[in-house]
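Have a look at the structure below, then the notes.
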Amino acid sequence: MRPSAWAAFLGRLRSLFGPAARTPTVRAALLSAMEETSLDAIITIDHRGLMLSFNPAAQRLFGYLPDEVIGRNVKMLMPSPFREEHDGYIGRYMSTGEKRIIGIGRVVAGQKKDGAIFPLELSVGESRVEGAPVFVGFIRDSSDIQSEQRRVQELQRELFHVSRLGEMGQLVSSLAHEVNQPLAAIVNYTQVARQMADSADDETARRIGGVLEKVAAQTTRAADIIKRLRAFIDRREGERRRESPRQLIEEALALGLVGPASRATRLVLDMAPELPDVEVDRVQVQQVIVNLIRNAVDAMEGSPRRELIVGAVRDGPDFVRVSVGDTGSGIAPEVAPRLFGAFVTTKPDGMGVGLSICKTIIDAHGGRISCEARAGGGTTFSFTLPVHREEAAA
Ligand code: ADP
C-alpha cells in the first residue's frame with residue numbers, strides 16, 4: 001500500500017471509530033487487523049535483520065509459515081548474493097545512516113521457499129518500539145499476481161518500447177542504405193532518358209521528357225525523406241538522469257532473471273564498494289543489461305556449471321565499467337566478426353538485433369561495449385557509462 005493510501009485508510013478508520021481509535025489498545029488492535037488483512041506482504045524486522053512478524057500475505061507470497069521464519073534472518077527471503085550482503089546493508093545503515101532502500105522503494109529480487117526468484121516491489125519504513133529500531137517492509141503482494149506482473153509488464157513495456165525504437169533505428173539505417181542506391185540509379189536513368197527525349201524531334205518524345213522530369217523530382221524527394229528520417233533517428237537521445245549504477249544493475253537483475261532457465265543459475269555480484277553515480281537513460285541502460293543477462297542465460301543452457309558474474313568498477317575518471325560474464329558456450333566463430341551487427345544470430349528463433357541495440361545505446365551514451373572470452377570458458381561482455389558530471393569533477 002502506498003503511504004498516501006495508508007494515511008487515507010487510517011484516517012477513514014479514525015472517523016469510523018471516533019476518538020476510540022486514538023487509545024493505544026484500540027490502535028494496536030486495528031493495526032494488527034490491518035496487518036492480517038492487508039493484500040500487501042508486511043514483514044517487520046529488528047536491527048539485526050531478525051523477523052518479528054510475517055503477515056498472511058507474506059506467507060502466501062513466499063510460501064513460508066510464520067514458524068519457519070519468525071526469529072530468523074530476513075535475508076533468507078533473498079537470493080544469493082543479496083542474501084550474503086544484507087547484514088552489511090543493515091550494519092552500514094545503523095552506523096552511518098546511509099539509506100539504500102529505507103523510505104525510497106525499489107524493485108528487488110526475492111526468493112520463495114521453493115527457490116523461485118522473482119522481482120518484487122519493496123518499500124521500507126523505520127520506526128522505534130520501546131527505544132529499539134524496527135523496520136517495516138511493505139512488499140507488493142503477489143497472491144494478487146496481477147499487481148506484480150503489472151509492474152514487471154510496465155517495465156518490460158518500457159524496455160520493449162526502447163527495443164522497438166532501437167530495432168527501428170537499425171532497420172531505417174539499413175533500409176536507407178539499401179534504398180538509396182536504387183533511388184540514385186533511378187535519378188540517373190531518368191536524366192539520361194530525359195536528355196534522349198529532349199533531343200528527339202517529335203512532340204510525344206518531348207512530352208515523355210516532361211514526365212521523366214517529374215519522375216526525377218519525385219525520386220529525389222523520396223531520397224530526401226529517407227535522409228531526414230535517418231538523421232532524426234540518429235539524433236534521438238534518451239532522457240539522461242543521475243543514477244546509481246548499483247541500483248540500475250540490481251533492478252535489471254530482478255527483471256532479467258525471471259524465468260525457469262535462470263533458476264539453476266548462480267549469481268555472483270562483484271561490485272566495487274565506492275562507485276560514482278552515472279549520467280544515463282535508465283530504461284535504455286537496463287535494456288542493455290537485461291539483454292546481456294538473457295544472452296548469458298541462453299548461452300549456459302547446456303552448461304554443467306551456470307554462473308552469471310555481474311560487476312561494476314570505476315574505469316578512469318570519467319567512466320564506470322559494467323560487466324556481465326557467464327560460464328556458457330563462448331561466442332560461436334561464425335558470428336564473432338559481426339557480433340554487434342544487426343540480424344546476426346545463432347538461435348533458431350533469434351532476431352539477432354539484441355547486441356546491435358546494446359551497441360547503439362552505449363555508443364549514444366559515449367561509452368564502449370566489447371566482449372572477451374573468459375579464462376576457463378564462457379564470455380564476458382562489458383560496457384562503459386559516463387560518470388555524472390559533478391562526480392567526475394570531484
Ligand atoms: P539474439 O539473442 O536474438 O541471437 P543478439 O544480438 O543478442 O541476438 O546475439 C547475437 C548472437 O551473439 C547470439 O545469437 C549468440 O550466438 C551470440 N551471443 C550473444 N551473447 C552471447 C553469450 N553470452 N555467449 C555466447 N554467445 C553469445
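Start at 1 and go down the list; that is how both ligands and their atoms are numbered.
Annotation for ligand 1: atoms under 4.0 Å from non-hydrogen atoms of Gly330 are 25 (C), 26 (N). Atom numbering of ligand 1 starts at 1 in the shown order; those under 4.0 Å from a heavy atom of Thr345 are 1 (P), 4 (O), 14 (O). Within the listing of ligand 1, atoms 20 (N), 21 (C), 22 (C), 23 (N) sit less than 4.0 angstrom from a heavy atom of Phe381. Of all atoms in ligand 1, numbered sequentially from 1 with element shown, those under 4.0 Å from a heavy atom of Thr379 are 24 (N). Residue contact check: Val344 has heavy atoms under 4.0 Å from atoms 10 (C), 11 (C) of ligand 1. Which parts of ligand 1 touch Gly350 is read off a 4.0 Å heavy-atom cut-off, strictly below it: atoms 3 (O).
In terms of polar-atom proximity, Asn295 is counted as a contact of ligand 1, with an N or O under 3.5 Å from an N or O of the ligand. Between Ala332 and ligand 1, no N or O atom pair is found at a separation short of 3.5 Å. At least one N/O-N/O distance between Leu355 and ligand 1 falls below 3.5 Å. Residue-to-ligand polar distances place Gly354 within reach of ligand 1: an N/O pair is separated by less than 3.5 Å.
No continuous path of hydrophobic side-chain contacts links Phe319 to Val288 [ILVMFWY only; heavy atoms under 4.5 Å]. Linking ILVMFWY residues whenever their side-chain heavy atoms come closer than 4.5 Å, directly or via other members, leaves Leu65 and Leu52 in distinct clusters.
Here the protein heavy atom with the shortest distance to atom 23 (N) of ligand 1 is Asp326 OD2, 2.8 Å. Closest to atom 24 (N) of ligand 1 among all protein heavy atoms lies Ala299 CB, 3.3 Å. Distance from atom 3 (O) of ligand 1 to its nearest protein heavy atom, with residue and atom name: Gly352 N, 2.9 Å. With respect to atom 15 (C) of ligand 1, the closest heavy atom belonging to the protein is Thr346 OG1, 3.5 Å. Closest to atom 18 (N) of ligand 1 among all protein heavy atoms lies Ile331 CD1, 4.0 Å. Here the protein heavy atom with the shortest distance to atom 2 (O) of ligand 1 is Lys347 NZ, 2.7 Å.
Contacts between Leu339 and ligand 1, counted as non-hydrogen atom pairs separated by less than 4.0 Å, involve the side chain only.
Side-chain contact between Arg389 and Glu279: present, with at least one pair of heavy atoms (C-beta onward) separated by less than 4.5 Å. The shortest side-chain heavy-atom distance between Ile43 and Val69 does not fall under the 4.5 Å cut-off.
Ring-plane geometry between Tyr93 and Phe135 is classed as perpendicular, the angle between the planes exceeding 60 degrees on a 0 to 90 degree scale with a lower cut at 30.
Atom CZ of Arg206 sits in a crowded spot, with more than 12 heavy atoms from other residues, nucleotides or ligands closer than 6.0 Å. Within 6.0 Å of the CZ atom in Arg72, the count of heavy atoms belonging to other residues, nucleotides or ligands does not exceed 12. With a 6.0 Å radius and a threshold of 12 heavy atoms from other residues, nucleotides or ligands, Met94 has its CE atom above the threshold. Atom CZ of Arg242 is surrounded by more than 12 heavy atoms from other residues, nucleotides or ligands within 6.0 Å. Residue Lys214 qualifies as open at atom NZ: its count of foreign heavy atoms under 6.0 Å is 12 or below.
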* Would Arg48 and Asp46 count as a salt bridge (charged side-chain N to carboxylate O under 4.0 Å, His left out) if you check the C-alpha gap in whole Å, the side-chain angles of each, and the deciding distance to 0.1 Å? -> CA-CA 5 Å; Arg48 290 163 302 179; Asp46 68 9; 2.7 Å; yes

